[in-house]
Engineer: 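Dropping the structure in here first, questions after.
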There are 2 protein chains.
Amino acid sequence: MASRAKATILDIAREAGVSKSTVSLVLQGSGLIRPETAVKVRKAIEDVGYVYNRGAANLRKAHSNVIGMVINDLTNPFFAELAVGMERVFQSAGIVPFIANTAENPVRQEEVLKSLMEQGVAGLIVSPARGTAPGAFRRLETAGLPVVFAMRRLPESRIPVIAPDNHRGAWLATAHLVGKGHRRLAFFGGSSDLVVYHERLGGFREACETLGIATSDRLIFEGETSRKGGIACMETALAMAEPPTAALCFNDAVAFGAMLALRKRGLEPGADFAVVGFDDVAEAEHYMPALTSVAVDSAGLGERAAHVMLKMIQSRTTRAEDHIGAVNLVVRDSCGPDRRAGMGDAA
Amino acid sequence: MASRAKATILDIAREAGVSKSTVSLVLQGSGLIRPETAVKVRKAIEDVGYVYNRGAANLRKAHSNVIGMVINDLTNPFFAELAVGMERVFQSAGIVPFIANTAENPVRQEEVLKSLMEQGVAGLIVSPARGTAPGAFRRLETAGLPVVFAMRRLPESRIPVIAPDNHRGAWLATAHLVGKGHRRLAFFGGSSDLVVYHERLGGFREACETLGIATSDRLIFEGETSRKGGIACMETALAMAEPPTAALCFNDAVAFGAMLALRKRGLEPGADFAVVGFDDVAEAEHYMPALTSVAVDSAGLGERAAHVMLKMIQSRTTRAEDHIGAVNLVVRDSCGPDRRAGMGDAA
DNA sequence: TTGATTTATTGGAACGTTCCATTTATAGGC
DNA sequence: GCCTATAAATGGAACGTTCCAATAAATCAA
């Protein structure tokens, strides 16, 4: 049907016997054209197999309808959920979000960012890769492009952030463990080049202090934020002279790893060692034992980030308020009372 | 630094004291320009904070450097891995893949496809949403756009497919169960609107027939391809007068659900009922018990799909060979021998 | 020196839209 | 019937690139 060369509005115009301007108007749904004419034009559009060329249009129009989502690890279901939340909002605003994965690689991130800009996106929602240089987003800022950070932030930047209340989440989880009678608490996973790490660890430390629990740097185990990292942390911890009896994990993946390591040593997660996760991914509920975790509502945060972005685009500004999302501790089966202390005082 | 209005190559030309053509040549890395001139131009580019306008360029150039990946369910880690494999290949070819999620919704898929085309993508890699209309890709075909299906296919279409050998995978898994002494085998999850379902179920049926096992439609349980679906299947199955002793599950998610349902009834997966999954997602290895599953190498299939796409773009064709990826059964702990039969003949 | 050849650089015409300023057609008021 | 107001449709100039054909400058062979 369609000829080999791509059809343009001029082809449609010829086909329908009108001018290209009329076709353009129809395409934009303008009320200025007579209904019968519109019908005629739309038929011609069908007939020639026309596809709109947004690149050409953007040459004249102020802004495009695509926004980019730059995500550091797509294989983490947590980020996938974030993406899904954003999509929900954008879809209803007629905006198409394109997702790009940086695989936690700053160089790749640079490329992706460049490509998205060249494509003329209207805005960018970014969860920056670990190890991103402090100035990496300077260019975007000076270009006046709306950018919001999701989940993660960069040490010093004026870019608005949408993230959960990491400090409070860690506080709640720690208090829960203390309430169960644990006195020797560890923190598993993560590393200090992540701002989130400092927030979560900070909440842990503050809770310990407030509740009169001694903390020691020897009970803080840095590690990968994956199952593997969790296994490693647990193994080192159990090898100590005086091992901890409970651990707050940087995220759920680390917690799953920690529980795996326990099993491998013949210990029962929950009963022999209490584990709390962070993020509350879908899997947490179905694990054996079901994981107690800090729920952050990632889809909700995604929606929020999308709304903020929409507002920024609308008001053509590059500034917005940070949004710190509420968290809550979901208690399941992975934290029993401290065995040793339990005998004496915890009934 | 940068002025408010976007800088164009004309601004650069003025700044560097050359013509716009020279700037364009530098941008394309042409060897025709004198090195000193190139340096001067590049400096000017830095100074004015220029960002390349790919939309304008595509107006003249034949094709863009972006290809679209349309995925039906981003929250399934399986698809995320597929995406990661593709990205690896495209990155080294200087192509930027944009991912879009259809959330298993044909309407959304239509929008996403439209948007991607308008954006002028060079090609499309698609895992079609369930319930996609047979003609949904007709337009793309006639437009001469290279399209590859990944993992899933549409009933009748000439679009090349990259997918695992579902038939053989199911065959292997079924034979494994039979080898363990099971004689009453069920198939859990999936539904007949998916081509993949017919392939997997076909392999199951053929293996049963070849190995002399009776099958009955009453042992084929359709259901959602999720944990929830797996739970439902298992519950219905166990309620039967003569329940099966083993099940091949449509995918790993269904298998996890089935095992969950067993536990809920006080039965031990592996010992009391054998379960095999399909896809071998990362989680399978770490589950309790570790899940026996058919590994499909999704990242590898992603790479392959990307290569096929690259070749299609290069040779400006819309045809390519299908590629059926090898599978292999990873035996873990979720399938013990049939208890009842075991007494008698399976030692 | 001259003409031919090579090397660098440059105008200008596309590319497919949008949108402003016009033109043309239709209707209304007198 | 004429003038004005409104509705509908249109031509043409952008927008930021690429690329061809043309020019200008430098090099070479005679």
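A note on names: the letters A, B, ... follow the listed sequences, proteins ahead of strands, and every chain is numbered from 1.
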Engineer: Tell me: CG of Leu25(A) to C1' of dT18(C), nearest whole Å?
Structural biologist: 10 Å

Engineer: Is there a donor and acceptor pair closer than 3.5 Å between the side chain of Ser19(B) and the base of dG11(C)?
Structural biologist: no

Engineer: Using only side-chain N and O atoms of Thr22(B), determine if any of them is under 4.0 Å from OP1 or OP2 of dT9(C).
Structural biologist: no

Engineer: Select base, sugar-phosphate, or nothing to describe what Thr8(A) touches, counting heavy atoms under 4.0 Å on all strands.
Structural biologist: sugar-phosphate

Engineer: Any chance you could measure Met69(B), atom CE, to Leu82(B), atom CG, to the nearest 0.5 Å?
Structural biologist: 6.0 Å

Engineer: Are side-chain heavy atoms of Arg153(B) and Glu199(B) found at a separation under 4.5 Å?
Structural biologist: yes

Engineer: Tell me the closest heavy-atom pair linking Ala320(A) and Val308(A), and the distance in Å.
Structural biologist: CB-CG1, 3.8 Å

Engineer: Measure the distance from CD on Gln119(B) to P on dG16(C) and round it to the nearest whole Å.
Structural biologist: 17 Å

Engineer: Round to a whole Å and report the spacing from CG of Leu32(A) to P of dA21(C).
Structural biologist: 15 Å

Engineer: Please state how far atom CZ in Arg34(B) lies from atom P in dT10(C), giving the value in whole angstrom units.
Structural biologist: 10 Å

Engineer: Starting at atom CD of Gln28(B), determine the distance to atom P of dT18(D), rounded to an integer number of angstrom.
Structural biologist: 5 Å

Engineer: Do we see a donor-acceptor contact under 3.5 Å between the side chains of Ser24(A) and Ser21(A)?
Structural biologist: no

Engineer: Rounded to whole angstroms, how far apart are CD on Glu36(B) and P on dT7(C)?
Structural biologist: 16 Å

Engineer: Run the numbers on Gln109(B) and Thr132(B) for side-chain hydrogen bond (donor to acceptor under 3.5 Å, both in side chains), then give the verdict.
Structural biologist: CA-CA 8 Å; Gln109(B) 176 172 270; Thr132(B) 298; 3.0 Å; yes

Engineer: Does the base of dT18(D) carry an N or O that pairs as donor and acceptor with the side chain of Arg60(B) under 3.5 Å?
Structural biologist: yes

Engineer: Can you tell me if Ser24(B) touches the phosphate of dT17(D), counting only side-chain N or O atoms and a distance under 4.0 Å to OP1 or OP2?
Structural biologist: no

Engineer: Measuring from the side chain of Asn53(A) (C-beta onward, heavy atoms only), which nucleotide among dT10(C), dT18(D), dT17(C) has the closest atom?
Structural biologist: dT17(C)

Engineer: Check whether any side-chain nitrogen or oxygen of Thr37(A) sits under 4.0 Å from OP1 or OP2 of dA8(D), and answer yes or no.
Structural biologist: no

Engineer: If I take atom CD1 in residue Ile33(B) and atom C1' in nucleotide dT7(C), what distance separates them, rounded to the nearest angstrom?
Structural biologist: 12 Å

Engineer: How long is the line joining CG of Leu59(B) and P of dA13(C), in whole Å?
Structural biologist: 17 Å

Engineer: State which of dT17(C), dT17(D), dA9(D) makes the closest approach to the side chain of Ala56(B).
Structural biologist: dT17(D)

Engineer: Reading DNA chain D from 5' onward, which residue's closest nucleotide shows up sooner: Pro35(A) or Lys20(A)?
Structural biologist: Pro35(A)

